[in-house]
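One structure is given here, and the rest of the page talks about it.
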Amino acid sequence: MFVSDSLSVNEKGHLTIGGVDTVYLAEKYGTPLYVMDEASIRGALRDYKKSIDENYENGGMVAFASKACAFKAIYEIVKEEGCGADVVSGGELYTAIQAGFPPERLYFHGNFKTEDELAMALDYGVGRIIVDNGEELEALSAMAKARNVTANIYLRITPGVDAHTHSFIMTGQNDSKFGFTLETGEALQAAKKAAAMPNIALKGMHCHIGSQIFDEAPFAHTAELMIGFLAQVRDETGLTLTELNMGGGFGSRYVESDVVLPYGEYMRRIAGAMKEVAAKLSFPLPYIVIEPGRSIVGNAGITLYTVGSVKHIPGIRTFVIVDGGMTDNPRYALYQSKYTAVVANKANLPADQVVTIAGRCCESGDLIQEHTKLQPCQRGDIVAVMTTGAYNYSMASNYNRLPRPPIVMLSGGKSYVAVRRESLADLCCNDL
Ligand code: LLP
């Protein structure tokens, strides 16, 4: 019934996360509430690091894709674990720096970086700027020149690989707004141009084929294409690039039927494919960077809600209406994402009711999950939705002027507030 190892049921029949009673957490901090288990985040980062150590002798970096969940405490944890971070906006970059994150371990992405953001990246000295298009390359070169610095860059390559996932989160196919297309020769042209540009140091290449991908074959295929491309760049420009960033996208478990590969398996396949092609083309193995986001934080998080009402429509369906919704979790509304839920204060009872969990927003599409199994429940019960650690808080909004929930972190059996609950006053703080 539980999709994450950190979840269990205690002697009171309450759901626990990281050994802590979720009903107690709901009482102490109020609902809606995001709860994240630090041990699970650290464990995932360590597993990925180990998978590089065990499968890839040429070394590498695990860079947490912070768009999955960005707040200061997360950057602190990632920093402590010796990992890097992918940031995608001035906001994420600023938050990382505020958390004391070493800028040299930051990878700055995005298909539109403003001049202000590029200036921030150069001034902070971020490790790598991932250039997405030709105009950005020109602008960055000019800005680096004006500052008399060198920008260390990767180019984002669109490898032309279709990963099997929701079309909104597929990014490796040719029909994509991201990156330089490999198949059309645009990528090679950009590499030639970047290699010759003043104040630009082309260090390597980047690609990212999509998100919530369970199959390792598209990653292995992409790795082959990318090593082939690095060899082509060497042959055509004489420049041997020494770094390859393979992006993220490894799937997380949302429902029991999701079959998630152990993280080591992704690296084993990617490393195997890279080594095979590199040997064939006599290309020296590059340093590898991977950027998992969802799989680091997804299963570390749950959301707790209080049930407001249960509306039974005979012959149609039963709605369980909770005190949050698409404002704290827009993923069902956007992608029809699957989730598993449980009544946290009755977690030992059979989940024998088929219900639709709906939010409180003035919108019929404000649903967390349709036709899902839940224990019998009523007003005042606590509903826990699992696997909400990724792309929930980071995609939350204030629609209907609802304050965003806090994030409570668990560490060593204790809880602490990492992000405080927004107040009503916060909602007006920018209104002049
Ligand atoms: N690297 C790059 C360049 C990315 O664009 C992404 C995600 C990642 C790494 C991390 O991918 P992950 O390991 O988390 O799958 N909002 C969507 C997901 C969008 C992913 C965007 N890019 C969702 O809720 O499913």
Side-chain angles (χ1 to χ4, degrees), residues 41 44-45 47-48 51 61-70 74 78 83-89 92 106-113 128-133 153-159 161 163-173 176-180 204-216 218-219 222 226 244-254 258 260-261 263 266-267 270 288-301 303 326 328-339 368 385 387-397:
I41 299 170
L45 290 166
D47 282 352
Y48 273 119
S51 79
M61 169 72 84
V62 178
F64 169 59
S66 63
K67 71 205 78 185
C69 196
I74 283 269
V78 174
C83 295
D86 144 359
V87 293
V88 77
S89 66
E92 287 184 358
L106 290 175
Y107 296 77
F108 189 25
H109 288 270
N111 67 315
F112 178 32
K113 306 177 193 74
R128 300 286 179 263
I129 299 176
I130 292 77
V131 173
D132 202 274
N133 54 68
I153 70 157
Y154 295 160
L155 298 179
R156 176 162 181 163
I157 305 302
T158 311
V161 172
H164 298 128
T165 188
H166 192 286
S167 62
F168 286 8
I169 52 176
M170 219 195 247
T171 51
Q173 73 288 3
S176 167
K177 71 171 181 170
F178 299 104
F180 298 94
M205 295 292 170
H206 169 269
C207 60
H208 170 75
I209 57 174
S211 195
Q212 186 62 355
I213 302 166
F214 287 120
D215 180 5
E216 76 277 30
F219 292 107
T222 305
M226 292 302 289
L244 176 59
N245 184 328
M246 287 291 299
F250 317 120
S252 279
R253 191 154 188 235
Y254 287 84
D258 286 339
V260 179
L261 289 172
Y263 303 144
Y266 290 111
M267 263 317 293
I270 291 173
I288 188 168
V289 182
I290 53 169
E291 293 173 333
R294 187 192 308 271
S295 50
I296 301 289
V297 287
N299 282 117
T303 306
M326 63 192 294
D328 57 79
N329 182 359
R331 297 192 69 258
Y332 187 77
L334 270 174
Y335 323 111
Q336 301 77 49
S337 303
K338 291 187 222 153
Y339 280 101
I368 297 289
V385 177
T387 324
T388 58
Y391 304 112
N392 273 229
Y393 169 71
S394 61
M395 294 176 75
S397 76

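Indexing begins at 1, ligand by ligand and atom by atom, following the structure's order.
For His208 and His109, the gap between ring centers reaches or exceeds 6.0 Å.
Atoms of ligand 1 found under 4.0 Å from any heavy atom of Arg331, numbered from 1 in the order shown, are 23 (C), 24 (O), 25 (O). Heavy-atom contacts of Ala65 reach the following atoms of ligand 1: 8 (C), 9 (C), 10 (C) (cutoff under 4.0 Å). When each atom of ligand 1 is checked for a heavy atom of Arg156 under 4.0 Å away, the hits are 3 (C). Close approach to Asp86 involves these atoms of ligand 1, each under 4.0 Å from a residue heavy atom: 1 (N), 2 (C), 9 (C). For ligand 1, the atoms closer than 4.0 angstrom to any heavy atom of His206 are 3 (C). Each of the following atoms of ligand 1 lies closer than 4.0 Å to a heavy atom of Gly249: 11 (O), 12 (P), 13 (O), 15 (O). Of all the atoms in ligand 1, the ones that sit under 4.0 Å from a non-hydrogen atom of Glu291 are 1 (N), 2 (C), 3 (C), 8 (C), 9 (C), 10 (C), 13 (O). Ligand-side atoms of ligand 1 in range of Tyr335: 16 (N), 17 (C), 23 (C), 24 (O), 25 (O), range being under 4.0 angstrom from any heavy atom.
Remark: ligand 1 and Gly210 share no N or O pair separated by less than 3.5 Å (distance only, no angle test). Annotation: His109 places no N or O atom under 3.5 Å from an N or O atom of ligand 1; distance criterion only.
Using a 4.0 Å heavy-atom cutoff, Ala68 is absent from the residues neighbouring ligand 1. For the ligand labelled ligand 1, residue Pro292 lies inside the 4.0 Å heavy-atom shell.
Between Ile288 atom CD1 and Asn245 atom CG the span is 8.5 Å, to the nearest 0.5 Å. The line from CE of Met246 to OH of Tyr266 is 12.5 Å long, rounded to the nearest 0.5 Å.
The shortest non-hydrogen separation linking Gly84 to Val78 is O-CG1, 3.3 Å.
Heavy atoms of Ile130 found under 4.0 angstrom from ligand 1: none, in either backbone or side chain.
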Verdict with supporting geometry, Leu261 and Phe250, side-chain contact (heavy atoms from CB on, under 4.5 Å): CA-CA 9 Å; Leu261 289 172; Phe250 317 120; over 6 Å; no
Chi angles and distances behind the side-chain contact (heavy atoms from CB on, under 4.5 Å) call for Ile153, Leu155: CA-CA 7 Å; Ile153 70 157; Leu155 298 179; 4.0 Å; yes
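Judged purely by atom type and a 3.5 angstrom limit, Lys113 uses its side chain to pair as donor or acceptor with the backbone of Ile130.
Geometric assessment of Arg156 against the ring of Phe178 yields a positive cation-pi assignment under the 6.0 Å and 45° thresholds.
Closest heavy-atom approach to atom 25 (O) of ligand 1 within the set Met246, Gln212, Arg294: this belongs to Arg294.
By the 30° and 60° cut-offs, the orientation of the rings of Tyr107 relative to Tyr154 is tilted.
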